[in-house]
Amino acid sequence: MSERIFILPLWIRIWHWTNALLIITLTITGISLHFSNPDLMLVRFDLAARIHDIAGLALVALYLFFVVANIVTGNWWQYVPKPGEFLEKCRRQIRFYAYGIFRGEPHPYPPTTQANFNALQQIVYWIIMYLFMPLLLITGIMFLWPDLAPKRVFGFDGLTPVAVLHYLAGLVIVTFMIAHIYLGTTGLKVSSLFKMMITGWHEH
Amino acid sequence: MTATATLSGRRPIARAARAACPPAGWIGMLLILAVFLPGTALAQTRGAMGTDPETVAQVRAWNAECLQCHVGDSLQEPGRSLFTVPKAAGASMRVSPGFSASNHGGMACKTCHTGGYLAYPHDMAGGRKAETLQCDECHAQEAFRVEAQVAKSVHSRNLKENFTCSTCHDPHLAASAKRLGSVEKLVAQDNGMCLNCHNSDERFAEFGGKVLPDKQRPDIDTIHAWLPNTQRHWEAARCIDCHTPPSTHRSLALSHEILDKDKAQRSCAACHTQNSALRTRLYRHVAEIETRELGFINAAIVRNTYVIGATRNAYLDALGFILVGGTLVVVVIHGLIRIVIARRRRTS
């Protein structure tokens, strides 16, 4: 019989699924814009541009909410890698995904009410949410209002480095999203962690 | 020199083809020029400007005579009051400072302004009427090529014979892409031709008012409000890049058939793609268009401006495929192994 603990308050769950919806929308429209081809359009360019702009601004607002809510509730502490065998904890977590999971071993560091994330989640989520997300959003805002970008950089249009950074940040976040969704299937059952993100209750 | 809208190119383009074959009058004019323009200057009647020092010096000397009066914004005549100078009705007679940088910059004024203009005062002395050559008298081939296109143009259809070459192309200012030397300047020049009328109620009424008196000039920003970052587009692309029919090859000049808003290009992806229409339009003059620079496709474009979809970086795209594709492959393999192991466990 599995046990369950409540670890995710409503605001985190609403933020998570809104964030997921916006990131998926921005990924599809972003691919349509970047790899634009009149003969093979995922989403028509003008429509993709409009959706990308609106969803992008919504993501900026949502990110600001995320930062403020994390500060107010103290949830930011969950993301901070804690000292004390941190690298060893990461190593054990990677070993579990690469080997232990196939042998049916239990998760080395299941969530508790005090620590929602294992060490690998802490460092990866921190890098994604506090490094790549701001980079993605700031460059996105510069794309939306190009006058914010420098006029020329190293002989190129100032938007060129902005575009490259936006693309790279987007690439990292899309890669993370794929891995994140897949690792969502590694709970007690394939659906357990998805259910947890809806109900807030973790089964183990 | 705005003057030239009335001084040159007065003949409607629809009649250009007839002028393309040298008429007797044209030959006669050559003979007159042969009399008044000694030696090397004759070569310039068809736009072939001499570049040898003697010719250049001679042209400068001739033009200096004209520019004694035709200078700046006013008409000056030594020893006489400005206002006593007779001036052709409607003709502004200033020579723009941009003339020397234009395509016609090295030419003698009297190559085009001939007949009575060859003497001073420009009266009818000797029966020589002061006249200005039409564009097609030198540019016969070009006139022949674009005649049908111009006839289909929204301007010709609306303005009829009020629309001539020099309505758009100021012969004292127009410069080729090569001469301008930068895409930015080319965009500014070519868009200036359109905005000269389409952003001016006065000019719009001057031409359109004759045939379409009730036609109000639509606000250029309002009708392009659908275009994101409108001003940014106008700094980086020309009106004609969307308002002319598609051009299939880089070596072909852009069509002179100016399309109205219903037929103009509205598909963003025409330019915003790897095989961008800008390659056969705005950037067709740029030789290195095919090359890559730091991995960017359409290197010539990215040097000037970033065009989403057209100026991607091939290396970063490859990195993207490896990163995203690699992650997908890893999770699929990982998932399959888990499924297989889980089944074996169940069966055993």
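Chain letters run A, B, ... following the sequence lines, proteins first and then strands; every chain starts at 1. As the structure is a prediction and not an experimental result, all values here were calculated from the model.
Between chain B and the residues A:Leu168, A:Thr185, A:Asp46, A:Asn37, the largest count of heavy-atom pairs under 4.5 Å involves A:Thr185. Taking chain A as the reference chain and counting heavy-atom pairs below 4.5 Å, the highest number among B:Val302, B:Val332, B:Asn313 is found for B:Val302. The candidate from A:Pro146, A:Gly104, A:Gly158, A:Ala179 with the greatest count of non-hydrogen atom pairs under 4.5 Å with chain B is A:Pro146. Looking only at heavy-atom pairs under 4.5 Å with chain A, the residue among B:Leu319, B:Thr327, B:Leu323, B:Val331 that has the most is B:Val331.
Looking at B:Gln274 and A:Phe35, their side chains never come closer than 4.5 Å, going by heavy atoms from C-beta outward. Contact annotation: the side chain of A:Thr160 never approaches that of B:Thr311 to less than 4.5 Å [non-hydrogen atoms, C-beta and beyond]. Residues A:Phe143 and B:Ile308 form a side-chain contact, since some pair of their non-hydrogen atoms from C-beta on lies under 4.5 Å apart. The closest side-chain heavy-atom distance from B:Thr305 to A:Phe156 is not below 4.5 Å. In this structure, A:Leu171 and B:Val324 have side chains that are in contact, with non-hydrogen atoms separated by less than 4.5 Å. Taking the side chain as every heavy atom from C-beta outward, B:Leu328 and A:Ile178 approach each other to under 4.5 Å.
At least one donor-acceptor pair under 3.5 Å links the side chain of A:Tyr167 to the backbone N or O of B:Leu316. Side chain of A:Arg152 to main chain of B:Asn304: a donor-acceptor pair is present (N/O by atom type, distance under 3.5 Å, no hydrogens or angles). Looking only at distances, a side-chain donor or acceptor of B:Thr273 sits under 3.5 Å from a matching main-chain atom of A:Ser36.
Within a 6.0 Å sphere centred on CD of A:Glu105, other residues, nucleotides and ligands contribute more than 12 heavy atoms. Remark: A:Glu88 CD is packed, more than 12 non-hydrogen atoms of other residues, nucleotides or ligands lying under 6.0 Å away. Heavy atoms of other residues, nucleotides or ligands lying less than 6.0 angstrom from NZ of B:Lys185 number 12 at most.
If you measure heavy-atom distances from B:Arg345 to chain A, the contacts under 4.5 Å come from the side chain alone.
Taking 4.5 Å as the heavy-atom cut-off, the residues of residues 224-236 of chain B that approach chain A are B:Asn229, B:Arg232, B:Glu235, ordered by number. Scanning residues 333-341 of chain B against chain A with a 4.5 Å non-hydrogen threshold yields B:His334, B:Gly335, B:Ile337, B:Arg338, B:Ile341, sorted by number.
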